[in-house]
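Right, one structure below, let's go through it.
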Amino acid sequence: MPAYNPSETEPKWQSHWDDADVFTADDHSPKPKFYALEMFPYPSGRIHMGHVRNYAMGDVVARYKRAQGFEVLHPMGWDAFGMPAENAAIETGGHPKDWTYANIEQMRAPMKRLGFALDWTREFATCDVSYYTEQQRIFLKFWEKGLVYSKTAKVNWDPVDNTVLANEQVIDGKGWRSGATVEQRDMQQWFFKITDYAEELLEGLETLDRWPEKVRTMQSNWIGKSEGLQMRFEAATDSDADIEVFTTRPDTLFGASFVALSPDHPLTKQLAETRPELDAFRADCAKIGTSEEAIAQAPKLGIDTGLRVTHPFTGETLPVWVANFVLMGYGTGAIFACPAHDQRDLDFARKYGLPVLPVVTPEGDDFTVEDEAYTGPGTIFNSTAPIPVAGRDTFSLDGLEIDQAKAAAIAMIEELGLGEGTIQYRLRDWGVSRQRYWGCPIPVIHCDSCGAVPVPEDQLPVELPYDHIDLTIPGNPLDRHPTFKQVACPKCGGEAERETDTLDTFGDSSWYYARFAGPNGSPFDKAAASAWLPVDQYVGGVEHAVLHLLYSRFFTRGLRDCGLLDLPAGEPFAGLFTQGMVTHATYDIGDQEWVVPAEVTEKDGALIHMPTGKIVTKGDVIKMSKSKKNVVDPNDIIETYGADVARWFVLSDSPPERDVEWSEDGVRGAWNFQKKVWRIVEQTDVPDHSPTASDPKATGDALALRRSAHKALEKITAGIEAFRFNTSVAQIYELTNALSKYDGQDAVRMEALGILIRSIAPFMPHLSEECWSALGGEGLVATAPWPQLDNAMLVEDEVTLPIQVNGKRRGEITVPAGLSKDDIEAAALSEPNIVRTLDGQTVRKVIVVPGRIVNIVAQ
Ligand code: ANZ
Ligand code: ZN
């Protein structure tokens, strides 16, 4: 037989799979369904090792489930709208659409070459008109259902590029591209009402028991439910004002040392009208980004308004400040500050010399706070009212635990008629307007007399124009397009203007998994989507823990409530796995000048950069990235070693959730393993048996091999089921070793090989097919059932038990497993060493612990 040659065999089997249409999912199959999905790629132009690992993992599941008898849907598409296409257009002078579709062509080839078991008939790109037409329809349905609204909101405005920037694109207060100081502008924006589902999204997390705990925690923190108190601090005098605050720590009320307003609070704005210093302060605050992180990181800034309010329990007056760390979008946009127990408040109080009074103590009552606020558990102290409260002579929280004190404080504020216990969510509505060309046009028309009017369904799609798109001019090309904007109002027929904003591309990926359920090109189909959903196994990066995975959970609920989906549980992804990254060593020749790892060699204990002869130092092992020059191109690996080796390597070396470090040795190991399997097949010559053979009467070495094969099969299967592919791989190695030591040319050899070959298939599908056909296996492994486990082969047939006489080990017996206690006892008592030891003594008691030990008490 010729040497194994992946560059020949791999394309050959891929076309066999295509010809037999193996991976096209049948919507009408009577089999149970299984939907396997990996987060679809952005068509950047190149696939990277991270993609290979991600899709290889999904492929293991898809192929395994098919072998287990499921009808598997395993589709692939492209998350194709977004900024990089616009940037490329700016750099190269091309068109985002051409760039995107050319990239898709370029990436599809290596993905096909990797032999993934994908249903390519359902492929689409989110920038296909047919896809975004559906998205516009969903937008209109959401609108009808009250899940879409517009309001004026603050945005980061780049005055040079004339565009809104995402928070991530504002770096140190400057536009990432223009370098211009970013301004805060109020602009009309479209929002999805995700907050309507805050509670449901939170509760749903409880049902997602096949999601990583950390992702659920991250979502739960993001939704950020907090039970608290909304209360009013009353004006101290007539010239002051009442102030509503929201707090989650009413237990710390006695430690309040000031009240603080957001710079954007209506009262602040009102005061600023007559107070230039406040107006200037507001302008300063506006220079910090709008994101919570930006505000949290900015130095604490404040200004005393001169207003005073009264503390409800102590009757003392508290000053009212404006503070830049108070956000307008959360709670009431005003707080009471307790510096001893909140770090932001403490930093602020220290800066402006405001009092710090601890009211929670973790130890005794001697407790002071220096530079670090105490936020842990403890007992309340310093919290007795000096005056009667609500007609009661004494009101005190002293001695209570935090939770008790919260309840007591809330009850008292309610009794005083100053407020109520409330529930707040950190989650905000999802702002989806982007002043960008390369996205899904928002289907809205603005009319001076009718306001914002939805585009009637029969006028969809609102298609992106291809011509007159020059992205080198700042601003949104749709805004200056000669015809896109001008349109008649659908309501009154008057002159109106199209919305020129496009949808956040996270919208595109919020429902693509449902779109895959229908055949490609057909519109979104309620019945088809409902039949395939939820996705049974989703695989992707943990970086999407919040945004994409939360938006998708919102969308399925929205689709359900608009009658577009039957999905009672509402959850789109029943199982989620977040895989680790592919990392690689980095090397630099000084001053962070990175060199390609493959150009580094070791000479006399030193690392040398071969092309320059310079000494290099090894840096960290990190995620592959162009700037660090530690990228390995999957195309090169496929070219040199083939797809199976690339797949095997990324699956074999580490647990799937951990990072895997790329190494030449590792890849060569995978290559050698492939050769080893092929060699065993080459050395097999059993013409009268197929790889589904078996010999139930096998004994000796043959029986031992049968045992090894079935034990390995059991563990390989368990490893795949539990997403521990590396343990499956280890078992595959064991079985391969057992087989390479076996010289019998018989049915048992074929049985063990059949098990090996079929259980390799999810990992190295091409090698598997080639071996199967070489051994005369029937049909394709890709459509073959998973090997049948023979449970009888899992039981150990013999066990060796130590025998103790009066606590000392005196001998051992080997008996058939499952032998009765009486028989074990008889065997132990007749063992020659024991007979000698017992000579003349009387046996008082024999204790048999089956499978472990025999204890004899004698006198
Ligand atoms: C008094 C207090 C005392 C607070 C204390 C904390 C500790 P979470 O838990 O994240 O919901 N807060 C309320 N509204 C705010 C706003 N618009 N901008 C900035 N901070 C705001 O946070 C709730 C806590 O954050 C609230 O409880 C409030 O400060 C602050 F020892 O009230 B707290
Ligand atoms: Zn009109």
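Ligands are counted one by one from 1 in listed order, and the atoms in each one are counted from 1 as well.
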**OP:** Apply the side-chain hydrogen bond (donor to acceptor under 3.5 Å, both in side chains) test between Gln435 and each candidate in Asp501, Asn476, Thr163, Thr502; give the one that qualifies.
**Re:** Asp501
Polar contact flag, side-chain donor to acceptor under 3.5 angstrom, [X]-[Y]:
X      : Y      : answer
Asp186 : Thr152 : no
Thr394 : Ser396 : no
Tyr352 : Asp304 : no

Heavy atoms only: which of [options] lies closest to [atom]?
atom                    : options                        : answer
atom 25 (O) of ligand 1 : Gln424, Arg344, His341         : Arg344
atom 21 (C) of ligand 1 : Ile335, Leu346, Leu253, Asp264 : Ile335
atom 5 (C) of ligand 1  : Met328, Lys225, Arg249         : Arg249
atom 19 (C) of ligand 1 : Tyr374, Phe325, Tyr330         : Phe325

Subject >> is_close_aromatic(Trp321, Phe348), centroid dist under 6.0 Å >> reply: yes
Please report, to 0.1 Å, the donor-acceptor pairs under 3.5 Å made by any side chain of residues 447-461, with sequence neighbours excluded.
residue, atom, partner, partner atom, Å
Glu457, OE1, Arg137, NE, 2.7

Which residue owns the protein heavy atom closest to [atom], what's the atom, and how far is it?
atom                    : result
atom 3 (C) of ligand 1  : Thr252 OG1, 3.2 Å
atom 33 (B) of ligand 1 : Thr247 OG1, 3.6 Å
atom 28 (C) of ligand 1 : Phe246 O, 3.8 Å
atom 18 (N) of ligand 1 : Leu327 N, 2.9 Å

Original post:
Among Phe142, Trp143, Tyr149, Phe139, which residue meets the ring pair (Phe, Tyr, Trp, His ring centres under 6.0 Å) test with Phe191?
Top reply: Tyr149
Original post:
Can you list the atoms of ligand 1 that are under 4.0 Å from a heavy atom of Ser226?
Top reply: 11 (O)
**OP:** With heavy atoms only and a cut-off of under 4.0 Å, state how Val326 meets ligand 1: side chain, backbone, both or neither.
**Re:** both
In Å, rounded to the nearest 0.5 Å, how long is the span from [atom1] of [X] to [atom2] of [Y]?
X      : Y      : atom1 : atom2 : answer
His265 : Thr305 : NE2   : OG1   : 11.0 Å
Glu495 : Gln486 : CD    : CD    : 8.5 Å
Leu229 : Ile410 : CG    : CD1   : 5.5 Å

**OP:** Below 2.8 Å of the Zn ion (ligand 2), tally up the protein N/O/S atoms for me.
**Re:** 4
Original post:
Looking only at N/O atoms, are Asp345 and ligand 1 under 3.5 Å apart anywhere?
Top reply: no
Original post:
Based purely on interatomic distance, does Thr248 place a nitrogen or oxygen under 3.5 Å from a nitrogen or oxygen of ligand 1?
Top reply: yes
Subject >> Partner of Tyr197 by side-chain contact (heavy atoms from CB on, under 4.5 Å), out of Ile223, Leu427, Leu147 >> reply: Leu147
Original post:
If you measure from each heavy atom of Gly331 to ligand 1, is any distance below 4.0 Å?
Top reply: no
Original post:
Minimum heavy-atom separation for Gln219 to Ala545, with atom names?
Top reply: NE2-O, 2.9 Å
